[in-house]
Each structure stands twice: as C-alpha cells, then as structure tokens.
Visitor: 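Below is one structure. I have some questions about it.
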Amino acid sequence: MQRINRSELIKAAAKLIESGEADRVLGWKKGEFDYDVTPYVFNSIDEIEKDFVWGDFCGANFSKYLIKETAKSDKKVAVFLKPCDTYSFNQLLIEHRFEREKVCVIGVSCSGMADIRKIKDTAGEGIAKIEEQDGYLNVFTLYDGIVKIDSKDALAERCLCCTKRCVVYDELLGDGENKADNDRFAKVEELEELTEEQRYAFWKSELSKCIRCNACRDVCPACTCEKCVFDDPRSVLENKAAANEFEEKLYHIIRAFHVAGRCTDCGECSRVCPQNIPLHLLNRKFIKDINAFYGQYQAGEKAGQRAPLVDYTTEDREP
Amino acid sequence: MQIEEKKPLIAAFCCNWCSYAGADLAGNNRLNYPDNVKIIRVPCSCRVDPTFILRAFQRGADGVLICGCHPGDCHYTTGNYYTRRRMTLLFSMLEYLGIEKERTRVEWVSAAEGAKFAQTVNEFTAAVSALGENRRLEDLRCKE
Ligand code: SF4
Ligand code: SF4
Ligand code: SF4
C-alpha cells in the first residue's frame with residue numbers, strides 16, 4: 001500500500017495545470033492489466049482523473065523521458081518522481097541533458113514497488129486483477145482463484161534495499177525518505193566469495209539468457225548517448241540487431257562500464273529485463289568498488305559533483 | 001614431425017611517449033622477450049578504451065598488457081591517472097565475472113626502462129602461459 005494517496009498526486013498536478021505553471025504532466029497511465037502501467041503525458045485534468053494511476057506498479061522512472069519531453073515546447077512539464085527517480089533526474093542535470101527550468105518536479109514518497117515476476121512465481125499466469133488490502137495482495141487468477149501474497153514478499157529488488165530520499169523537487173508529497181535496512185551489496189559479496197569457475201558459471205548462465213532486446217539500455221537514464229555503440233545503422237531492425245559479433249558477446253560488460261560512476265542504482269535495467277537477468281549485480285559491483293577505492297559516492301545525489309571516472313588523485317591505488 | 005607448443009598470444013598497448021620507446025630500447029639493447037607479444041602503439045595509455053581490451057580478448061588474446069608513463073610523468077600531464085582508475089575498475093570487474101586476474105596487467109615503463117619492459121613481458125608471458133588459453137572471454141554469453 002502506498003503511503004500517499006492517488007488523490008493527493010492528482011491534486012498537486014491539477015494545481016500546476018490550473019495555475020498555468022505547467023501545461024502537461026508526465027505520469028503513470030493504467031494499462032490493460034493492473035500491473036502493466038505505462039508512462040504517459042497527460043494534457044488535461046480530465047485525462048488525469050480518468051486514466052492516471054498511482055500504486056504498487058508505478059516502477060517506471062520518468063527522468064529520461066524529460067530529455068525529449070522538455071524539447072517539445074517552451075512551457076513547463078510537470079513530472080512525478082519517486083525518491084530513486086530523483087537521483088537519475090539530478091544525474092541528467094549534471095550531464096546537461098535538459099534544462100531544470102522547464103520542469104516542475106513533484107516528489108512522491110513511496111512505500112516500495114511490487115515486482116510482477118515475484119507475484120507470478122507464486123500465483124502463476126492468468127492474473128486478472130490485483131488488489132491491495134492490509135499489507136496483502138489479493139491476486140485474482142483465472143485458474144486458481146484468489147491467491148494471497150504478503151506485499152513484502154512481492155517487493156522489487158531495488159526497493160528491498162532502498163535508502164534513497166527525494167534529493168530534488170519543487171513540491172514534496174510526504175517526507176520523501178526510505179530507510180530499508182537490507183544491504184544492497186550482500187549478493188555482490190556472496191559472488192566475490194566464490195571461486196573463479198563458479199563465478200564464471202554463474203555469469204555464463206545468466207548472460208546467455210539475454211535476447212538482446214536492448215530494453216536495459218533503452219530504459220537506463222545513464223544511457224542517453226545520441227549515437228550508441230550498440231546501434232547498427234545498417235540494420236533494418238532499428239536498434240535491435242547487434243552491430244557486430246563483438247558487441248553481441250560483450251554487451252553487458254561494456255554497458256555496465258559505460259555507466260560506471262554515473263549509474264544511480266535506480267534499478268530500471270533489472271526491472272525491464274524480460275529475461276530477468278540480475279543486471280544490478282554488475283552495476284553494484286562497480287559502485288561497491290568505487291566506494292571502496294575512491295570514497296563513498298552516490299551518483300545523482302548532489303548537483304555538480306564530479307564522477308569518479310572523470311576524476312583522479314595522485315595517490316590512487318594501482319590496478 | 002615436431003609439434004610446437006602453442007604460445008600464448010599477448011597484446012601490449014604501449015604509449016607513444018614512454019613505453020613504446022622503452023620497448024624500442026629493449027630491442028636496441030638486444031634484450032630478449034617473447035615474439036608472441038603484439039605491441040600496439042597508442043598516443044597515451046589513456047587512449048585505451050576498455051572495449052579495446054575486451055576486443056583483444058574476444059579475438060583470441062590470452063593476456064592484455066597496458067604500459068604507460070609513470071604516474072606524474074604523462075606526456076599529457078594527467079592521462080595515465082585516468083587510465084589507472086579505469087583499469088582498476090575494469091580488472092576488478094573481469095575478476096568478478098570469473099576471468100583470471102593474471103590475464104590483465106598495467107605496468108608503468110619509461111623510455112629509459114628497456115630492461116623493465118623486457119622483464120615485464122617475460123614475467124607476464126610466463127604467468128599467462130601457466131593459465132593456458134583464454135576461452136572464457138572469447139564468448140562470455142556463449143551463444144550458439
Ligand atoms: S544501469 Fe540500471 S540501475 Fe544504473 S542508472 Fe541505468 S537503469 Fe538505473
Ligand atoms: S551503452 Fe554506452 S554508448 Fe550506448 S547509450 Fe549506453 S553509455 Fe551510451
Ligand atoms: S533487457 Fe535483458 S534481455 Fe534485453 S538486452 Fe538487456 S539484459 Fe538482454
């Protein structure tokens with residue numbers, strides 16, 4: 001259950017539209033099913049009242065959408081950002097990807113988002129409806145009746161260890177802080193303890209599931225290059241076919257390296273991966289190493305900070 | 001018929017200003033180092049994009065060596081400081097993925113250190129030989 005009500009979000013957005021401060025709102029729109037909520041630009045209060053949703057399936061981070069959306073008009077666009085989303089927003093500002101003045105940020109406190117894959121693991125396919133009640137999710141299925149799942153057991157990986165707070169906003173709904181006490185590096189450490197053979201076997205089994213849909217890159221707020229190394233201009237299947245055999249094979253390492261020091265650990269890549277590959281374990285390895293070698297660093301936390309990979313000290317450790 | 005033992009293939013990225021000159025000096029001084037080292041000259045060790053290293057591995061290299069000026073002596077003042085951070089993170093990541101860390105190495109070699117260059121290459125080749133062929137990084141994703 002979200003601690004802020006949908007009506008409060010609508011009120012905040014309506015106020016901005018009525019006063020003329022913003023002329024459109026980037027928010028979550030209901031999809032065919034309760035769990036396939038989609039990003040959408042709402043142009044009127046009527047539209048918002050009809051189709052806007054706020055609930056456990058609003059994982060989508062809108063920061064990256066602002067690059068294209070702010071370029072469309074001189075008017076301001078209002079956007080809802082959860083605590084984790086605000087770090088991506090800041091990081092994009094640091095990288096000069098859009099103008100802060102063209103956005104009204106409504107920070108929304110969040111109680112964690114549900115991962116539909118975890119729900120499907122328990123309830124199976126054929127989910128018609130999902131309702132939240134007293135800390136439980138009632139999952140209405142076509143074949144097995146109503147399956148009851150503890151909301152905590154359905155929490156997305158990134159929410160299980162979220163200690164983020166809204167670091168940038170014009171208006172804030174709730175306190176905007178999360179204090180989960182799970183260690184986000186626990187699994188990384190577990191892998192580090194294994195032998196080389198075991199680690200290789202683990203990654204081989206995970207990465208060989210990849211279908212190269214590029215969804216992890218497309219969703220990533222740190223992946224905003226106009227020309228990405230993974231695009232093949234000769235391909236008729238735009239953006240999808242591998243540029244060559246090389247990138248096809250080492251895609252994941254290269255992408256993780258490209259975003260190292262800029263990745264805010266927003267968790268979007270793991271969320272959208274249709275093959276459920278734990279991509280966050282690559283990003284968190286870099287984050288963990290950066291923290292250990294060059295001092296604590298959280299990308300996107302402060303405006304104007306210098307990323308560790310475009311910085312140095314004369315005393316840095318040797319490779 | 002004599003069957004030759006397969007030597008490991010080593011790619012060595014050497015910066016133009018220090019290490020390449022160091023390698024040249026090793027040659028001028030008639031110092032021995034294995035002929036299976038392919039030297040690739042780059043303007044600065046900082047020019048070495050991590051994808052160059054991965055590319056070398058994927059194309060069959062068994063080990064990759066990066067040589068540059070000593071920290072503080074970079075021809076472009078600070079290039080190798082960035083190299084140092086980049087390679088530290090990349091090597092740590094490769095180890096995390098299950099690639100033996102002996103397959104990668106950074107060594108600072110000045111233009112006057114011909115002997116150090118030869119010694120580095122000899123040691124590195126021996127270490128990589130001990131590991132055998134690199135199969136893992138040729139195709140991490142192991143697609144059919
Ligand atoms: S790599 Fe993943 S966690 Fe990092 S910023 Fe991109 S989408 Fe977010
Ligand atoms: S994968 Fe690399 S080149 Fe492609 S968008 Fe991301 S950072 Fe840019
Ligand atoms: S989202 Fe998953 S399947 Fe798609 S390219 Fe990324 S890792 Fe591969």
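Naming convention: chains lettered A, B, ... in sequence-line order (proteins, then strands); numbering from 1 in each chain. Below, each value reflects all heavy atoms present in this structure, side chains not excepted, and no hydrogens, waters or symmetry copies.
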Visitor: Keeping the roles fixed (side chain from Arg86(B), backbone from Cys46(B)), state whether a donor-acceptor pair exists under 3.5 Å.
Guide: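 A pair under 3.5 Å: yes.
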Visitor: Go through it in stages, so that I can follow the logic: the residues are Leu92(A) and Leu66(A), the test is side-chain contact (heavy atoms from CB on, under 4.5 Å), and I'd like the CA-CA distance, side-chain angles, deciding distance and then a yes or no.
Guide: CA-CA 9 Å; Leu92(A) 286 164; Leu66(A) 289 167; over 6 Å; no
Visitor: What parts of residues 307-314 of chain A touch chain B if we use heavy atoms and a cut-off under 4.5 Å?
Guide: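 When heavy atoms of chain B are the reference, residues 307-314 of chain A contributes Pro308(A), Leu309(A), Val310(A), Asp311(A), Tyr312(A), Thr313(A), Thr314(A) within the under-4.5 Å range.
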Visitor: Any donor-acceptor pair under 3.5 Å linking the side chain of Lys82(A) with the backbone of Ala60(A)?
Guide: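 Side chain of Lys82(A) to backbone of Ala60(A), a donor-acceptor pair under 3.5 Å: yes, one is there.
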Visitor: Under a 4.5 Å heavy-atom cut-off, does chain A meet the side chain of Ile66(B), its backbone, both or neither?
Guide: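 For Ile66(B), there is no contact with chain A at all, as no heavy atom is under 4.5 Å.
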Visitor: When only pairs under 4.5 Å are counted, which of Lys101(B), Met87(B), Arg84(B) shares the most heavy-atom pairs with chain A?
Guide: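 Ranked by heavy-atom pairs under 4.5 Å with chain A, first place is Arg84(B).
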Visitor: Under a 3.5 Å distance rule, please check whether Arg158(A) uses its side chain to pair with a backbone N or O of Cys266(A) as donor and acceptor.
Guide: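 Yes; judged by distance alone, with no hydrogens or angles, the pair exists.
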Visitor: At a heavy-atom distance under 4.5 Å, which candidate from Ala201(A), Pro319(A), Ala260(A) has the highest pair count against chain B?
Guide: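 Top count of heavy-atom pairs under 4.5 Å with chain B: Pro319(A).
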Visitor: Test your reading of the model: is there a side-chain donor-acceptor pair from Thr86(A) to the backbone of Pro83(A), 3.5 Å cut-off?
Guide: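 Yes: the side chain of Thr86(A) pairs with the backbone of Pro83(A).
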Visitor: Taking non-hydrogen atoms and a cut-off under 4.5 angstrom, which of residues 271-294 of chain A neighbour chain B?
Guide: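 The residues closer than 4.5 Å to chain B, in numerical order, are Leu281(A), Leu282(A), Lys285(A), Phe286(A), Asp289(A), Ile290(A), Phe293(A), Tyr294(A).
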Visitor: Is it the case that Arg30(B) and Asn28(B) place a side-chain donor and acceptor less than 3.5 Å from each other?
Guide: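 Side chains of Arg30(B) and Asn28(B): no pair found under 3.5 Å.
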Visitor: Side chain from CB out, backbone as N, CA, C, O: work out which of these in Glu193(A) comes under 4.5 Å of a heavy atom of chain B, or both, or neither.
Guide: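 For Glu193(A), neither part sits under 4.5 Å from chain B.
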Visitor: What distance do Leu65(B) atom CG and Lys38(B) atom NZ have between them, rounded to the nearest 0.5 Å?
Guide: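 The distance works out to 14.0 Å.
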Visitor: Could you check whether Arg212(A) makes a cation-pi contact with Phe230(A), meaning its NZ or CZ is under 6.0 Å from the centre of the six-membered ring and within 45° of the ring axis?
Guide: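 Relative to the ring axis of Phe230(A), which defines the angle, Arg212(A) lies inside both limits.
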Visitor: May I ask you to say whether Glu95(B) pairs ionically with Arg103(B), meaning some side-chain N is under 4.0 Å from a carboxylate O?
Guide: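 A salt bridge is absent here (no side-chain N lies under 4.0 Å from a carboxylate O).
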Visitor: With a 4.5 Å limit on heavy-atom distance, are the side chains of Asp62(B) and Leu131(B) in contact?
Guide: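 A side-chain contact under 4.5 Å is absent here.
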Visitor: Do any of residues 106-113 of chain B have a heavy atom less than 4.5 Å from a heavy atom of chain A, and if so, which, in residue order?
Guide: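 Under the 4.5 Å heavy-atom cut-off, Val106(B), Trp108(B) qualify.
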Visitor: Under 3.5 Å, is there a donor-acceptor pair between the side chain of Gln305(A) and the main chain of Gln298(A)?
Guide: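 Yes: the side chain of Gln305(A) pairs with the backbone of Gln298(A).
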Visitor: Are the side chain of Asp49(B) and the backbone N or O of Thr51(B) linked by a donor-acceptor pair below 3.5 Å?
Guide: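 Yes; judged by distance alone, with no hydrogens or angles, the pair exists.
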Visitor: Do you know which two heavy atoms are closest between Leu194(A) and Arg199(A), and how far apart they sit?
Guide: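 Nearest pair, atom of Leu194(A) first, then Arg199(A): O-NH1, 2.9 Å.
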Visitor: Give the minimum heavy-atom separation between Val128(B) and Pro8(B), together with the two atoms involved.
Guide: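 Answer, listing the atom of Val128(B) first, then Pro8(B): CG1-CB, 3.8 Å.
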Visitor: Taking the side chain from Asp316(A) and the backbone from Arg85(B), do they hold a donor-acceptor pair closer than 3.5 Å?
Guide: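 No, Asp316(A) side chain to Arg85(B) backbone: no donor-acceptor pair under 3.5 Å.
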Visitor: Which region of Tyr81(B), side chain (C-beta onward) or backbone (N, CA, C, O), has a non-hydrogen atom less than 4.5 Å from a non-hydrogen atom of chain A, or is it both or neither?
Guide: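 Both backbone and side chain of Tyr81(B) come within 4.5 Å of chain A.
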Visitor: So how far is it from Arg184(A) CZ to Asp265(A) CG, rounded to the nearest 0.5 Å?
Guide: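 Spacing of CZ (Arg184(A)) from CG (Asp265(A)) equals 5.0 Å.
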Visitor: Below 4.5 Å from any heavy atom of chain B, which atoms of Glu206(A) appear? Answer side chain, backbone, both or neither.
Guide: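 Neither part; nothing is under 4.5 Å.
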Visitor: Can you measure from CG (Leu9(B)) to OG1 (Thr125(B)) and round to the nearest 0.5 angstrom?
Guide: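 Between atom CG of Leu9(B) and atom OG1 of Thr125(B) there are 10.5 Å.
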Visitor: Using a 3.5 Å distance criterion without hydrogens, assess whether the side chain of Asn182(A) forms a donor-acceptor pair with backbone atoms of Cys161(A).
Guide: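 Pair absent, no side-chain N/O of Asn182(A) close to backbone of Cys161(A).
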Visitor: Has Arg105(B) got its NZ or CZ under 6.0 Å from the middle of the six-membered ring of Phe124(B), at an angle within 45 degrees of the ring axis?
Guide: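 Output no; distance or angle outside limits.
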Visitor: Suppose a student defines contact as a heavy atom less than 4.5 Å from any heavy atom of chain A. Which residues in residues 70-78 of chain B would they list?
Guide: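 Within residues 70-78 of chain B, the residues that come under 4.5 Å of chain A (heavy atoms only) are Pro71(B), Thr78(B).
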